[in-house]
Protein chains: 2
Amino acid sequence: MPPSTKGKTSQPDADVSAAGQVVEFVRRQIDAGKLKSGDRLPAERDLAEEIGVSRPSLRSGLQTLQALGVLQSRQGAGTFIAGGPPRLGVAPLSFLAALHGFTRDDMFEARRVLELGAASMAAERATSERITALADEVAAMFAALDDPQEYLIHDVQFHKAVAAASGNPVLATLIDTISELVYETRRRTVERAVDLKESAEMHRRIYRAIKAGDPEKARDEMGMHLALARQAQASEEEPVATAAVPAPSAPRALRTKRSPAKQ
Amino acid sequence: MPPSTKGKTSQPDADVSAAGQVVEFVRRQIDAGKLKSGDRLPAERDLAEEIGVSRPSLRSGLQTLQALGVLQSRQGAGTFIAGGPPRLGVAPLSFLAALHGFTRDDMFEARRVLELGAASMAAERATSERITALADEVAAMFAALDDPQEYLIHDVQFHKAVAAASGNPVLATLIDTISELVYETRRRTVERAVDLKESAEMHRRIYRAIKAGDPEKARDEMGMHLALARQAQASEEEPVATAAVPAPSAPRALRTKRSPAKQ
DNA sequence: AGTCCAGAAATGGTCGGACCAAATAGAAGC
DNA sequence: GCTTCTATTTGGTCCGACCATTTCTGGACT
C-alpha cells in the first residue's frame with residue numbers, strides 16, 4: 001500500500017474505483033481536446049478494454065457521466081458527448097429541493113437575483129445581434145397577445161435571450177436551469193396569469209433599457225416585472241409542497257421484507 | 001397535448017428504462033417523506049426485488065442518484081440518502097466548463113452576481129444569529145492575519161455565512177458550488193494574493209453594512225471586495241487546465257479569452 | 001460481569017458471459 | 001437509382017459468481 005507510487009499529477013480526487021477511473025478517463029480526454037461536443041465514444045466493449053475495466057464497470061462510469069449531462073447514449077447508435085447549448089440538468093436541484101424543502105419562493109428569489117444581474121450586464125455589453133434577438137422576442141410576444149400558449153413560449157425565450165445577452169454562459173446556464181424548475185411547477189396554469197398586454201409592455205421596457213445601455217434601469221424594470229410575475233404566480237398557489245403526491249398507486253407494503261427483529 | 005387528466009404530479013418524463021424506474025422510485029419515496037436525509041436504503045438485493053428490476057439495473061439507477069449527489073454508498077455498510085447541508089456537486093459545472101470553454105472570469109462573474117444579491121438580501125433580513133456568525137468570522141480573520149492558510153479558511157467561511165444570512169438556501173447552495181469551483185483552481189497560490197489586513201477591513205465593512213440593514217451599501221461593499229479579489233486572482237494567472245496532463249497543448253483556439261463578439 | 005477479538009454474516013464493488021432491442025450499414029431486389 | 005430487407009454493430013438488461021469492506025455476534029479472556 002505505497003501511498004506515493006501513484007506519481008500521476010492527478011488531483012487529491014483520487015477515486016480508484018472502476019467507475020471513477022472511467023469518469024476520470026473521459027474527463028482527461030475532454031481536457032486534452034480529444035473529445036469534444038458531439039463526438040462519439042468508442043463502443044463500450046472497446047472502451048472497457050482500453051481503460052482496463054470490465055464492461056459493467058465501464059457502464060457504471062458512463063452512467064455517472066450521463067447523469068451529469070456529459071454523455072448521451074442511444075441504443076444501437078453509440079454514446080456521444082452531449083451537444084447543443086450548455087445545459088445543467090434540473091434533477092440535482094430538484095432532488096435537493098425535495099430533500100431540504102426548498103420552496104418555490106426560494107427558487108423564484110434565486111432566479112430573481114440571477115436575472116437582475118443578467119439584465120444589468122446585458123445593458124452594459126449586449127452585442128447588436130443579441131439586442132436584435134431581444135427585439136424579435138418582444139415583437140413575437142405582442143403578436144401573440146391572443147394566444148397565451150404561444151405568448152408563454154416567447155416569454156420564456158425572451159428571458160433566455162436576456163441571459164444570453166449578458167455574455168456570461170455560466171449565468172445563462174444557471175438561469176435556464178432554475179427557470180426550467182420554476183416553470184415546471186406552473187405549466188398548467190398558463191393563461192389566466194396576468195394581463196398579457198401589460199406583461200408585453202413590461203418586457204418591452206426591459207428591452208429598451210438594455211438597448212439604451214442603462215444597467216440600473218434594466219435591473220429595475222426586470223425587478224418590477226419579476227415582482228409582478230411572482231405575485232401572479234403566488235395567487236394560484238397550491239399546497240404543492242414536498243409531500244403532495246396524491247397516493248400514486250397501491251399502498252405497497254415496503255418494510256415487510258426484512259426480519260422483524262429490528263426496530 | 002391532452003393535459004394529464006389526473007391530478008398526478010408526475011411529469012410527462014416517462015422514463016421506462018430500468019435505471020429510470022429506480023430513480024423515479026427513490027424520488028417518490030423522498031417526495032412522500034418515506035426517505036429523508038441520512039436514511040439508509042434497503043440492501044441492493046432486496047431493493048432490486050422490490051422494484052422489480054435486476055441488481056445490475058438497480059445499481060445503474062443508484063449510480064445515477066449517486067452522481068446527482070442524492071445518495072452515498074459505503075461498501076459493507078449500505079446506501080444512504082445524502083446528509084449534511086444542501087450541496088450541489090461541482091462536477092456538472094466543471095464538465096460544462098471544460099466542454100464549452102467557460103473561463104474563470106465567467107465563473108467569477110456569475111459568483112459576483114450571486115454574492116451581490118446575497119449580500120443585499122442579507123442586509124434586508126439577516127437574523128441576529130446569522131449576523132453574529134458573520135461577526136465571528138470577521139474576528140477570526142483579523143486574528144489570522146499572520147496565518148494565510150487560516151485566513152483563507154475564514155474568508156471562505158465568511159462568504160458562506162453571507163450566503164446563509166440571505167435566508168435563501170437555493171442561493172446559498174449555488175454560491176457554495178461556484179465558489180468551490182473558483183477556489184479549486186487557485187488553492188495553490190494562496191498567500192501572496194493581497195494584503196490580508198486590507199482584505200479583512202473590507203470584509204468588516206461588508207459585515208457592518210449588513211448589520212446596519214443597508215442593502216445598497218452591502219452590495220457595494222461586496223462588489224468592491226470582489227473586484228479587488230478578482231484583480232488579485234487575475235495577476236496570478238497561469239495555464240490552469242484542470243488536469244496537469246502533459247497535454248499536447250491543443251493548438252485549438254480554445255484557450256483564448258472571449259474575444260469574439262463580446263464587448 | 002465486562003471487555004476484547006476472531007469468525008460469521010451482511011452489503012456494496014467487480015467481473016464475465018449471455019441474450020435482447022434498437023439503429024445503422026450494406027446487400028438484394030425492384 | 002431507389003427502396004427494401006437482412007446482417008452487423010451497439011447499447012440495455014439480466015444472471016450468477018466472487019471479492020473487499022463493514023458490521024454484527026458469540027465466545028474467550030481478564
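Letters A, B, ... mirror the listed sequences (proteins, then strands); counts begin at 1. Source: prediction; values computed, not measured.
Checking C/dG13, C/dA22, C/dA23 against the side-chain heavy atoms of A/Q75 singles out C/dA22 as nearest.
For A/A67, the side-chain contact (heavy atoms from CB on, under 4.5 Å) criterion is met by B/T64, B/A67, B/L68, not counting sequence neighbours. Partners of A/A82 by side-chain contact (heavy atoms from CB on, under 4.5 Å), not counting sequence neighbours: none found. By the side-chain contact (heavy atoms from CB on, under 4.5 Å) test, B/S179 pairs with B/R111, B/E115, B/I175, B/Y183, sequence neighbours left out. For B/P86, the side-chain contact (heavy atoms from CB on, under 4.5 Å) test picks out A/L96, A/H100, A/F102, B/T173, with sequence neighbours left out.
Nucleotide C/dG16 holds its C1' atom 15 Å from the CD atom of A/E44, rounded to whole Å. Rounded to an integer number of Å, the gap from B/D46 CG to C/dA9 C1' is 14 Å.
Both A/G76 and A/V53 lie close to DNA chain C; mapped to their nearest nucleotides by heavy-atom distance, the more 5′-ward contact belongs to A/V53.
Pairs of residues two or more places apart, or lying in two chains, that qualify as ring-ring contact (aromatic ring centres under 6.0 Å, His included) and include a residue from residues 155-178 of chain A are A/F158-A/H203, A/H159-A/H203, A/H159-A/H225. Within the structure, salt bridge (charged side-chain N to carboxylate O under 4.0 Å, His left out) pairs that include any residue of residues 57-78 of chain B comprise B/E44-B/R59 (at least two apart or interchain). Pairs passing the salt bridge (charged side-chain N to carboxylate O under 4.0 Å, His left out) check and including a residue from residues 158-178 of chain B, sequence neighbours excluded, read B/K160-B/D176.
The footprint of chain A on DNA chain D, defined by a heavy-atom cutoff below 4.0 Å, extends from D/dT9 to D/dT13.
Of all the residues in residues 54-68 of chain A, A/S54, A/R55, A/P56, A/S57 reach under 4.0 Å from DNA chain C with at least one non-hydrogen atom.
Nearest heavy-atom pair, A/S166 versus A/L171, reported as atom, atom and distance to 0.1 Å: OG-CD2, 4.2 Å.
Counting any heavy atom pair closer than 4.0 Å across all strands shown, A/R45 reaches a base atom.
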